[in-house]
Asks: 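Quick one: the structure is below, questions incoming.
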Amino acid sequence: MARKPNYDFERRERERLKAIKVAEKAAAKKEARERARAENAGEAPKEDGAAADGEPTDKV
């Protein structure tokens with residue numbers, strides 16, 4: 001026997017999942033924007049160990 005449909009619950013559940021997905025996408029876009037702004041402003045630290053002026057640091 002088929003179950004009785006619960007349209008209201010199913011619609012609320014779809015809307016809830018959609019809201020979560022939209023929020024995650026917005027957070028990812030915000031992080032990407034902040035990262036791009038930091039790179040454009042020159043505030044991003046170099047990950048390869050080089051100094052900001054491009055010269056490698058030799059701490060001996």
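This chain uses plain numbering: 1 for the first residue, then up along the sequence. Keep in mind that the numbers below use all heavy atoms, side chains included, and drop hydrogens, waters and symmetry copies.
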Asks: To the nearest 0.5 Å, how far apart are CD in Glu13 and CG in Asn6?
Replies: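 These two atoms lie 10.5 Å from each other.
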
Asks: My understanding is that only residues two or more places apart in sequence, or in another chain, count here; which of them pass side chain to side chain contact (heavy atoms under 4.5 Å, CB included) with Arg3?
Replies: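 Once residues adjacent in sequence are excluded, the partners of Arg3 under the side chain to side chain contact (heavy atoms under 4.5 Å, CB included) criterion are Glu10.
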
Asks: Of Arg35, Glu31, Lys30, which is the lone residue that meets side chain to side chain contact (heavy atoms under 4.5 Å, CB included) with Arg33?
Replies: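 Running side chain to side chain contact (heavy atoms under 4.5 Å, CB included) over Arg35, Glu31, Lys30 with Arg33 returns exactly one hit, Lys30.
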
Asks: With a 4.0 Å cut-off on N to O distance, would you call Glu15 and Arg11 a salt bridge?
Replies: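 Arg11 and Glu15: salt-bridged.
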
Asks: Quick one: pull up CZ in Arg16 and CZ in Phe9 and give me the separation to the nearest 0.5 Å.
Replies: 8.0 Å

